[in-house]
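Heads up: the structure comes next, in structure tokens.
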Amino acid sequence: MKIAIIGGGPAGLLTSYYLAINGCETAVFEEHPRIGYPKHCTGLVTARSIAKVPVDTKECIEKKFGKLIIHGQGREAFEISIPTVAKIDRVCFEEKIYAEAVNQKTRFRLGARIDTKRKGDEIKLLNVIEDVDFIIDARGFEAAIKNSEKVSKNKLVGINLIIKGKTSMDDNAIHVFFDNKITPGFFAWLAPINEHEVLVGGGFKNPPTQEEIMRYFHRKGFLINHGQIADKYGGVILRGPPISDFHGKNWLAIGDAISMVKPITGGGLYPIISSIPFKYNNGSCDEALIRLKTGIRNTLEKLRKQYLLSKFIHKRIFPYALDAFIPLIKMVLEVVYLDYDEHDKLVSQLIENIAKRNVYPA
Ligand SMILES: Cc1cc2nc3c(=O)[nH]c(=O)nc-3n(C[C@H](O)[C@H](O)[C@H](O)COP(=O)(O)OP(=O)(O)OC[C@H]3O[C@@H](n4cnc5c(N)ncnc54)[C@H](O)[C@@H]3O)c2cc1C
């Protein structure tokens, strides 16, 4: 079966590799001339997710973190343990998967932007001459924003700065800052990468300048001896809701293209990796597609629950529960870092707490 994959980001690359090892004839069309560029992602993902990828990407791990320190507005910082989170070099990660996909005989056309037309249940490629039997839409955030007003409304601008210098804080932790003055409705982050460089960033409704971001971290005393900005990159952070219209007669969509992201953090790598059933490698292309569709459906279902939960916490609880700020943030973070299977347990725990009025101020 001939399959065209539109988009050469992590979703398109990993899907092409998975389908190619199962005997599909795959071709990836990527509008940019080089895989991995332009850079946008912070690259934080659990080490266990990385381990699920059947391509060796160990050398792309720049640092591992075992704890998260939360800094709330005017409140004392607190620490939570997390499963090991790796900071990966996203370009390296994508290049490794690209190389393996090529080894598996996937054809790549770089610098090729593909337009499509939807007619009923089918999608047609507009500027591709060859005939294809099936299409994978892995076009990233643009497609999701175009197709869903809600996703478009929720989006943020994410900015990452790599700063030459040191931090005054724990080097082995990822630091997260909830501060409505700089990141209303979202958060900023700081992660020391090595002895000489600190990564800072945030998700913004109205993006500040890079000087304003630097000033924020410096004024708070979080950055010391800092100098130049060694690198800066960013892009659109989606926060859901996931788009349920993800397949048709001759197509299937995956990744940011259907807003397949964790709604609280905007993280998209885990949902992509956990949707692809890499364990299946028996070589039947038809069966591989069926299993992929099931994997995506299951992930979307879990993300939908997470989205509803995050909305609920945001709208119904935060405004009344300032005193319970820390336990609530802890609970939210548990949802983010625990396996998604724990959702139902967490929701009932939350409802139980509300029933006991534990989360309301006295
Ligand atoms: C600032 C920032 C920080 C982030 N940090 C994290 C993080 O720490 N951890 C995490 O898990 N996630 C993070 N994310 C989210 C993560 O980067 C995305 O979820 C992930 O990149 C989605 O992969 P994708 O392949 O679906 O889309 P993309 O990575 O966007 O790839 C889509 C590809 O399709 C190509 N394309 C688009 N349209 C066409 C077309 N018409 N024809 C041909 N090619 C096309 C694009 O050029 C692009 O290469 C972050 C995002 C941002 C913006």
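Every number for a ligand or one of its atoms is a count from 1 in the order of the listing.
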F204 and F186 aromatic centres sub-6.0 Å: no
Proximal atoms of ligand 1 relative to G158 (non-hydrogen, under 4.0 Å): 1 (C)
Top protein contact for atom 6 (C) of ligand 1, by heavy-atom distance: C41 SG, 3.3 Å
Test of proximity, I114 against ligand 1: N or O pairs below 3.5 Å: yes
Close approach, G201 and ligand 1, non-hydrogen under 4.0 angstrom: no
contact_flag L13 ligand 1 heavy-atom lt 4.0 Å: no
Ligand-side contact atoms (ligand 1) for residue partner H32, heavy atom cut-off under 4.0 Å: 47 (O)
Proximal ligand 1 atoms for N160, defined as those under 4.0 Å from one of its heavy atoms: 1 (C)
Winner among P271, G267, A143 once heavy atoms are compared against atom 10 (C) of ligand 1: G267
For atom 4 (C) of ligand 1, closest protein heavy-atom neighbour: T42 N, 3.4 Å
Backbone or side-chain N or O of I272 under 3.5 Å from ligand 1 N or O: no
Close side-chain approach of F217 to F177, heavy-atom, < 4.5 Å: yes
Ligand 1 contacted by I6 (non-hydrogen, < 4.0 Å): yes
G12 N/O to ligand 1 N/O under 3.5 Å: no
For I237, the ligand 1 atoms whose distance to one of its heavy atoms is below 4.0 Å: 2 (C), 52 (C), 53 (C)
Distance filter under 4.0 Å to A138 heavy atoms, resulting ligand 1 atoms: 32 (C), 33 (C), 34 (O)
Closest protein heavy atom to atom 34 (O) of ligand 1, given as residue, atom name and distance to 0.1 Å: G7 CA, 3.2 Å
L44-ligand 1 polar pair, N/O distance under 3.5 Å: yes
For atom 2 (C) of ligand 1, the option (of K87, H40, E142) bearing the nearest heavy atom: H40
CA sep, side-chain torsions, deciding dist, call: E130, R107, salt bridge (Lys or Arg N to Asp or Glu O under 4.0 Å): CA-CA 13 Å; E130 55 190 294; R107 284 182 299 129; 2.9 Å; yes
Sub-4.0 Å atoms of ligand 1 with respect to non-hydrogen atoms of G140: 27 (O), 30 (O), 32 (C)
